Amino acid sequence: MLVSLRWLREHLNFEISLDQILQDLTDIGLEIEGTIDLGHRSGKILVGEVKSVERHPNADKLTLCSVDVGKPAPLSIVCGASNHREGDRVPVALIGAELPNGMRLKPVEIRGVPSQGMMCSGKELHWSDDASGILILPPEWQVGEPVDFLIDVSVTANRPDCMSIHGIARDLAAKHKRKTHLAAARIQEQLEHVEQMLHVSVKERSKCSRYCARLIQGVRVGPSPLWMIRALESVGLRSVNNVVDVTNYVLMELGHPLHAFDAEMIADRQITVRAAKEGEAFETLDGTKLTLTEDDLVIADGKRAVALAGVMGGLNSEVTESTTTVALEAAHFDPVTIRRTSKRHGIVTDSSQRFERGTDRAMLPHAINRATQLIKEICGGEVARGTIDVQSSITEISSPIALRLSRVQQLLGLNLPHTEIADLLVHLGCEIVRADREQFFVTAPSWRVDLTREIDLIEEIARIRGYDQIPVSLPAVVGQPRALPPQSEATGPLTDTLVAEGFHEVLNFGFTCPEFLASLGLAENLVMIRNPLTRDFAAMRPSVLPSVLSNVAHNLNRGASDVRLFEIGTAHAKDDGGTPREWTELCAVLCGSTPATWSSPARAHGFHTIKGVAERCLQALGIAQCQVRPLEDPRFHPKRAAVLCQGPQVLARIGELHPDFLATLEIERRVCALEMQIEPLVERARARRVKCREVSRHPSVDRDIAVVVDRSTQAGDLLDSITRSGGDLLESARLFDLYEGEGVPEGKRSLAYALVFRAPDRTLREEEVQRVIDSILSTLAEKHGAELRQ
Amino acid sequence: MCRQLEEIQSEAAGAIAAAETVSALDDVRARHLAKRGPIQAVMKMMGNLSAEERPIVGAAANRVRDAITAALSERRGLLARAELAAQLEAETIDITLPGEERSVGSTHPLTRTMNEVTRIFTALGFSVATGPEIEDDWHNFEALNIPPDHPARDMHDTLYLEGSDLLLRTHTSPVQIRAMQSQQPPVAIICPGKVFRHDQVDQTHSPMFHQVEGLLVDRGVTFGHLKGVLEEFIHAFFGPEIPVRFRPSFFPFTEPSAEVDMLLKTRRSVGGQVVEVEEWCEILGCGMVDPAVFEAVGYDPEKWTGFAFGMGVERLAMIRHGITDIRTFFENDIRFLTQL
């Protein structure tokens with residue numbers, strides 16, 4: 001909400017500097033989003049009076065003005081606008097002034113004549129959108145004063161009482177243990193009683209607990225006086241006509257929404273507050289055609305709805321130039337009703353925003369009187385005697401709130417004398433109806449609809465006293481022995497391993513474009529978002545892989561040649577019953593090659609690179625042994641993909657991706673991927689309890705063997721056979737060479753293994769080792785047709 | 001014979017001095033100290049000497065042998081050092097060639113930030129709790145004292161799932177609710193995770209971002225404790241000298257509520273000139289847990305008090321690393337990821 005310092009000061013009945021106001025607003029929880037200095041800080045944007053307007057000697061379209069800004073000598077200002085006249089008050093930016101758009105005024109000569117300042121338009125001051133001429137100021141404004149200072153205050157949802165100039169002044173005053181006063185309106189009533197001229201009936205008493213109305217006859221609708229126009233502009237509103245302006249002025253001043261009807265348009269002079277009929281048509285005063293529902297509340301006349309209660313008036317009863325009789329409404333509506341209507345029809349107004357947060361029911365007579373007085377002053381006319389005031393019989397009389405004084409200290413850690421607590425509350429407008437040694441019984445002021453519980457009062461005490469007054473201390477917190485969640489026992493080692501392997505972690509949105517997923521063959525069981533921002537964010541991803549591949553494409557497009565990325569993130573899909581299921585998966589992707597260096601050639605990433613990565617990832621979780629099975633998955637290469645598993649439990653899916661799959665992402669390179677479901681690995685990582693073996697003190701016997709087998713014989717099967725037939729004495733077998741070509745028959749290949757033999761308790765004898773090797777070789781020959789390569 | 005021995009010694013001395021390599025020296029040793037060498041020959045002739053002369057010559061022979069041995073060993077040491085020095089000299093390499101390369105990966109800047117926040121709070125005694133990203137209205141809103149039709153719902157533009165009342169959590173507070181439902185106080189947890197809002201993507205907004213929220217519930221927890229813990233955190237994360245202020249604010253699930261600012265030096269253009277200014281910068285929201293929240297999870301608000309807080313991870317990382325566009329985090333460009 002925009003606050004004009006000029007207007008605010010009218011409601012502050014004590015001396016307070018601008019800096020103090022800004023500090024206090026922050027301290028009492030009225031956050032300042034921004035400020036516009038129109039002269040208060042700099043002293044360089046002032047109210048001036050045009051003393052004379054002459055033609056510029058060298059330019060037809062320019063004028064040379066003499067402007068009094070309260071300095072000993074008037075300023076000589078060259079001006080391009082033409083709407084200013086002698087005697088007008090105008091905003092003058094002096095040399096050195098900084099305008100809200102950041103422009104700083106420098107001494108200039110225009111067509112040979114120096115200009116000692118600039119007269120500003122509304123737009124130049126960020127005051128209004130009007131750039132057509134100089135912003136003419138009200139004659140009431142003193143020459144030489146700063147123009148204004150605008151404060152954009154962010155009012156939190158619980159503080160409707162601060163959605164007005166008076167409300168903010170009232171809260172500032174409480175901070176200084178002062179009270180603001182509202183002068184009672186003085187109205188000359190000339191006509192017969194309003195009840196003779198207008199009838200009000202409230203059908204929906206639970207949704208409209210109070211309805212006040214007044215009537216003014218013989219008004220002249222026209223433009224508002226300058227002071228009113230400028231005041232509305234200073235808080236961001238535009239002038240409409242003098243009657244509407246009065247209702248807006250009172251809204252901004254007191255925070256209470258009012259509505260003015262053209263009383264001639266009210267059929268039968270009958271106002272009924274009722275539920276809308278299902279499907280009832282209504283056209284708002286800005287011309288929007290709505291179809292209402294039974295949950296909407298309307299103000300109706302004898303025939304039709306004339307206003308959407310609390311939200312907006314109707315076109316059919318709007319105050320126009322030809323209006324002569326005005327019916328003024330001030331009502332209290334149920335916040336939830338107004339909020340639902342506002343949401344349902346997508347209409348947010350200054351009025352709806354206040355009603356949905358909760359307005360001050362006790363303020364109604366004052367607000368309607370204030371508006372009546374202003375209309376009579378500004379628009380003329382005669383006022384009907386009295387006010388219609390329909391009050392719901394079921395007015396809640398809330399019982400006082402019990403405030404236990406010990407509780408204040410308990411919650412805040414701040415020890416306050418009871419007299420101080422009482423003082424703070426009273427200056428907030430609370431009443432202490434009863435008190436004993438332990439507690440106060442407090443009633444909240446009518447404007448503080450948010451104060452209903454003890455805790456609300458304690459917050460007020462802290463807020464007004466100042467959060468900085470609460471002493472800092474540290475609680476005794478005894479932590480859990482395991483501070484990290486179980487999942488981190490898998491994700492921690494996996495992340496460490498992948499980072500050591502040269503992978504960069506990426507993070508992606510959990511939602512993506514369903515068409516994109518469909519093009520990747522991932523359209524099934526998607527969890528869809530009902531109200532996505534764009535189609536690009538309409539489906540929860542059923543796999544992390546597409547996200548990481550998009551990152552690969554991004555980096556390849558920017559010239560990266562060695563792309564290693566991984567993400568550990570959530571994915572979602574619907575289960576058979578349609579319930580969304582959430583799980584975490586790891587996806588690591590490799591593309592390109594390690595760059596050549598002076599000491600090593602470039603190495604292209606391939607299936608076995610990602611396989612090694614996967615194995616080291618599993619090792620990091622204590623899984624040293626696993627089986628390899630071919631993977632059949634249309635996303636992967638039919639011959640270069642595998643699952644790593646232990647029995648039926650799949651631990652990882654690895655492989656090169658299918659070119660068709662990659663084509664969708666416009667990736668034309670080989671890409672290898674590793675996918676792991678995290679949850680099954682967590683249990684394994686947690687269950688990991690390593691028992692150490694004693695290391696043998698006896699020397700090993702190292703032997704190399706090379707065998708020639710059919711090319712189709714799988715290395716994994718060979719190693720299996722070697723390990724099995726090697727028995728306990730075979731400590732390790734490492735494939736150190738793989739050879740095809742000269743010396744090896746066509747269709748065959750040679751695999752060379754470095755074998756290490758060792759016994760835990762003795763030095764092995766040559767014959768013992770030879771026996772094992774013989775057994776290995778005969779097994780290999782028998783099972784795989786392997787021949788020893790000589 | 002003694003003269004003979006002296007000659008042997010002086011000849012050996014000459015040969016030792018003349019030897020230029022360790023292997024040449026080995027030849028000298030072989031020649032002079034061998035079993036069939038000259039000293040041995042002299043010794044063999046000692047049988048011809050008188051009983052008086054024999055010990056004198058014997059002693060002299062031993063002396064000569066010892067002297068030659070010592071000279072050999074000294075010369076050997078000298079030559080060996082020289083040879084090693086020459087060898088090392090020949091092994092000169094270009095030490096400015098780059099070290100053998102091996103690519104090092106990285107964790108994402110947001111992960112790092114979250115990990116550091118986690119480290120600080122776990123050191124203060126908090127544990128990490130996690131929960132689902134798809135939530136129901138009760139955990140995300142109602143249990144947090146945000147009933148339907150409450151204006152505070154406007155603070156959270158929510159993404160809902162098609163065909164159900166489920167939603168994407170708008171904050172990680174539902175994790176706190178789940179934690180309180182599953183255990184009795186004391187509770188000291190932090191909840192890092194992804195959250196989702198119906199926000200347009202721009203420089204400072206993202207429909208998905210990360211939060212770390214925290215909750216402490218125990219006997220006698222006060223607003224003073226809240227201030228203490230958060231000041232500790234900010235000083236640990238941003239630096240011990242950073243001024244911190246607590247401002248009253250509003251969150252439906254806490255009361256009293258506060259927003260926390262810290263004073264930051266930033267550069268900004270004033271009247272066309274770039275100047276360094278100090279500005280209060282909002283970094284987290286917090287407050288004492290509202291009794292309504294305790295009632296929702298079945299805690300007795302008379303017995304327990306507590307505080308909760310929440311912060312945006314992107315914001316912390318942006319402030320810390322001078323990142324000006326939140327989209328950078330999700331673009332995942334390697335040139336960005338390798339900087340941190």
Side-chain angles (χ1 to χ4, degrees), chain A residues 26 28-29 31 98 104 156-158 336 339-340 356-357 411-413 455 459 462-463 467 470-475 477-480 483-485 495 498-499 501-510 527-531 533 537 551 554-555 558 560 562 564 570 572 580 582 594 597-599, chain B residues 97 100-101 103-108 110-111 122 124-130 132-134 149 151-152 155 159-162 166 188 194 198 200 207-208 216 218 221-225 227-229 231 246-250 255-256 258 271-272 288 290-291 305 329-334 337-338:
Chain A
T26 302
I28 61 179
E31 188 181 356
E98 189 184 331
R104 194 179 283 274
T156 52
N158 61 328
V336 171
R339 179 174 165 81
R340 286 190 181 155
E356 71 170 43
R357 284 167 172 77
L411 267 160
L412 300 180
I455 188 69
E459 175 174 60
R463 185 175 73 86
Y467 282 5
I470 297 172
V472 169
S473 59
L474 278 178
V477 185
V478 179
Q480 301 287 315
L484 298 181
T495 301
L498 287 166
V499 168
E501 295 282 342
F503 286 77
H504 299 289
E505 187 192 16
V506 295
L507 288 175
N508 287 286
F509 289 163
V527 176
M528 298 293 293
I529 293 167
R530 195 197 305 162
N531 57 334
L533 279 156
F537 303 147
N551 304 144
H554 169 95
N555 281 289
R558 277 153 188 78
D562 176 9
R564 302 181 224 180
T570 45
H572 297 86
E582 176 173 314
T594 56
T597 70
W598 64 274
S599 60
Chain B
L97 280 172
E100 283 184 21
E101 281 176 39
S103 311
V104 177
S106 57
T107 47
H108 194 277
L110 294 175
T111 305
T122 50
L124 287 168
F126 289 76
S127 308
V128 176
T130 55
E133 292 169 4
I134 292 178
D149 300 312
M155 293 158 79
L159 291 163
Y160 292 91
L161 297 192
E162 218 171 76
L166 297 173
K194 291 177 180 173
H198 194 275
Q200 292 292 345
M208 186 198 89
L216 175 70
D218 204 345
V221 176
T222 69
F223 196 89
H225 292 141
K227 284 179 72 180
V229 166
E231 280 191 17
F246 288 73
R247 266 187 298 113
S249 188
F250 169 70
E255 185 155 6
M288 300 302 290
D290 195 290
T305 56
F329 291 117
F330 303 108
E331 203 177 60
N332 294 308
D333 194 303
I334 294 176
L337 298 175
T338 46

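Model, not experiment: these values are computed from the prediction.
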Can you find a heavy atom in the side chain of [X] that is under 4.5 Å from one in the side chain of [Y]?
| X | Y | answer |
| --- | --- | --- |
| S106(B) | F503(A) | no |
| N508(A) | E331(B) | no |
| K194(B) | T570(A) | yes |
| H504(A) | T338(B) | yes |
| E100(B) | T597(A) | no |

| field | Top contributor to chain A interface from I134(B), L124(B), V229(B), L337(B) [non-hydrogen pairs under 4.5 Å] | value |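 Among I134(B), L124(B), V229(B), L337(B), the one with the most close pairs to chain A is I134(B).
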
| field | Partner chain A: residue of T130(B), L166(B), T122(B), T111(B) with the largest heavy-atom pair count (under 4.5 Å) | value | T111(B)

Contact origin within [X] toward chain B - heavy atom pairs under 4.5 Å:
| X | answer |
| --- | --- |
| E582(A) | side chain |
| I28(A) | backbone |
| V527(A) | side chain |
| F537(A) | side chain |
| P485(A) | both |
| N531(A) | both |
| S473(A) | both |
| T26(A) | both |

Given heavy-atom pairs under 4.5 angstrom as the criterion, report whether the side chain, backbone, both or neither of [X] touches chain A.
| X | result |
| --- | --- |
| V221(B) | backbone |
| E231(B) | side chain |
| A129(B) | neither |
| D218(B) | side chain |
| T305(B) | side chain |
| L216(B) | side chain |

| query | In terms of side-chain geometry, is the basic nitrogen of R530(A) or E162(B) positioned less than 4.0 Å from the acidic oxygen of its partner? | reply | no

| query | Between E31(A) and R247(B), is there a side-chain N and carboxylate O pair less than 4.0 Å apart? | reply | yes

| query | Strictly by modelled atom types, are T107(B) and E505(A) linked by a side-chain donor-acceptor pair under 3.5 Å? | reply |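 Result is no, nothing qualifies.
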
| field | Residues H554(A) and N332(B): side-chain donor-acceptor under 3.5 angstrom | value | no

| Would you call the rings of H108(B) and F329(B) parallel, tilted or perpendicular, where under 30° means parallel and over 60° means perpendicular? | tilted

